[in-house]
2 protein chains.
Amino acid sequence: MGWELKTDRPIYAQLIEQIELRICAGIYPPGSRIPSVRDLAQEASVNPNTMQRALAKLEEDGLLYSHRTSGRFVTEDTEMIRKTRNKLAKEQVQVFLKKMKDLGFEYGEILSIISDLAEEMME
Amino acid sequence: MGWELKTDRPIYAQLIEQIELRICAGIYPPGSRIPSVRDLAQEASVNPNTMQRALAKLEEDGLLYSHRTSGRFVTEDTEMIRKTRNKLAKEQVQVFLKKMKDLGFEYGEILSIISDLAEEMME
DNA sequence: ATTATTGTATTAGGTGCTTAATACAATAAT
DNA sequence: ATTATTGTATTAAGCACCTAATACAATAAT
C-alpha cells in the first residue's frame, strides 16, 4: 500500500489516516519501530515538517510513542488498536449508508450493488 | 437536508457535492429553478463568490444552466441525472469497500456490520 | 570522545481558499 | 422609463497549509 495523497484535502490529515490504517491493519505491528520522520517524509514525498505534524497527532492519540533518539514506535496496547479499528469501520459504514440514503437508495439496492462490485475488489 | 459544511475540505468542493446530491435525489427537480446565488450563499452561510464557484462548475458539467437574469435551472436531461446518480453511487461503494478491505475486513463481516447499523439509519 | 541519527523547533516564503466590498450587464417587473 | 433582481467579474485582505532551510538536543553507534 503506497502513499496515496490527493490535493483536495490537507496532506497532514491524509497522512494521519493512512498511518492509522497501517497500524490497524497490522502493517505497522504493535510495539514495532516505524521509519524515521525524514525517511517517512521521503517515502511519501512530503516535507518532514508535514510528516512530523501527522506523527505528533498520532502520538497525542496514543497510537505512537517516541524515544528521543532511537525512533518512533507503535503502541503495545493491542486493545486500543482493536478499538480504533472498530471505530474507523463503524464511521465508514455510517458515512457510506448516509450518502447512499441521501442518493435515494433503499437497503436492498445497496446490498445488491455491493455484491456486484465486491467480487472484483475483495478478491 | 441542511447545508453540512466541514472545515477539513474546501467549501466550494462540498457545495458542488451537495448540490449535485440534491439534483440526483430530486430535491431540485429537472427543469426547476434553484434559488439565486445570493440566496443560496445566505442559506449555506458562505460568501456569494464561493457559491458562484460551485455553481459554475456544475454548469460546466451540464447539470445546471443559467438565464442571464431570470435565474439558474436544473437540466431537463433526466438521463444525465440518472447517470450521475449511478456514477456517484458506484464511487461511494468502491471507496467504501477499499477502505474496509484496507482495514482487514472480509466480505461477510462487512455485510453483517452494515445490517447492524442499517436499521437505525435507513428510515 | 567523536560521529551519526533521532525527534523537535523556528523562520521565511509561496499557494490556494474564503471573505468582503464593490461594480457591471442584462432583463424581468413595475 | 425606471427599478429591482439576476448572473458575473474584480480587487484586496486574512488565513491555513505546505515547503525549504536551518538549527538544536539527546543518545545510539563507532
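Here is the naming used below: chain letters follow the sequence lines, and residue numbers restart at 1 for every chain.
When the nucleotides C:dT10, C:dT8, D:dG7 are ranked by their closest atom to the side chain of A:Arg72, C:dT8 comes out on top. When distances run from any side-chain atom of B:Thr69 to the nucleotides C:dA28, C:dA21, D:dT19, the shortest one goes to C:dA28. Here the nucleotide nearest the side chain of B:Pro10, chosen from C:dC17, C:dG7, D:dT8, is C:dC17. Checking C:dC17, D:dT19, C:dT19 against every side-chain atom of B:Val46, the shortest atom distance belongs to C:dT19. Minimum atom distance to the side chain of B:Val37 is reached by D:dG7, of the listed D:dG7, C:dA9, C:dT8.
B:Trp3 and B:Glu43 are linked by a side-chain donor-acceptor pair at a separation below 3.5 angstrom, with hydrogens and angles left out of the test.
Contact check, B:Thr50 against C:dT19: a side-chain N or O comes under 4.0 Å of OP1 or OP2. OP1 and OP2 of D:dT5 both lie 4.0 Å or more from every side-chain N or O belonging to B:Ser70. Between B:Ser66 and D:dT8 there is a side-chain polar atom (N or O) within less than 4.0 angstrom of OP1 or OP2.
Distance CD1 (A:Ile34) to P (C:dT6): 12 Å, rounded to an integer number of Å. At whole-Å resolution of the value, NZ in A:Lys57 and P in C:dG7 are 19 Å apart. We find that CZ of A:Arg9 is positioned 15 Å from C1' of D:dA16, with the value rounded to whole Å. Atom CE of B:Met51 is separated from atom P of D:dG7 by 11 Å (rounded to the nearest Å). If you take CZ of B:Arg53 and C1' of D:dT10, they are 15 Å apart, rounded to a whole angstrom. Between B:Leu40 atom CG and D:dG7 atom P there is a gap of 8 Å when expressed in whole angstrom units. Distance CG (A:Asn47) to C1' (D:dT22): 12 Å, rounded to an integer number of Å. Here D:dT6 presents its P atom at 11 Å from CZ of B:Phe73, a figure rounded to the nearest Å.
For D:dT10, the paired base is C:dA21 (Watson-Crick or G-U wobble, both distances below 3.5 Å). The nucleotide D:dT2 finds its pairing partner in C:dA29, both defining distances of the Watson-Crick or G-U wobble pair being shorter than 3.5 Å. Of all nucleotides present, only D:dA16 satisfies the Watson-Crick or G-U wobble test against C:dT15, with each distance under 3.5 Å.
A salt bridge does not link A:Glu60 with A:Lys57: none of the charged nitrogens is closer than 4.0 Å to a carboxylate oxygen.
For B:Gln42, the CD atom is loosely surrounded, since the number of other residues' heavy atoms within 6.0 Å does not exceed 12. Atom CD of B:Glu76 sits in a crowded spot, with more than 12 heavy atoms from other residues, nucleotides or ligands closer than 6.0 Å.
Separating the CG atom in A:Leu103 from the CZ atom in B:Arg22 is a distance of 13.0 Å, to the nearest 0.5 Å.
For a distance-only test at 3.5 Å, the side chain of B:Arg38 qualifies as a donor-acceptor partner of the base of D:dG7.
Comparing B:Arg68 and A:Arg33, the nucleotide of DNA chain C nearest to each residue sits closer to the 5' end for A:Arg33.
Annotation: cation-pi geometry not satisfied between A:Arg33 and A:Tyr28 (NZ/CZ under 6.0 angstrom from ring centroid, within 45° of ring axis).
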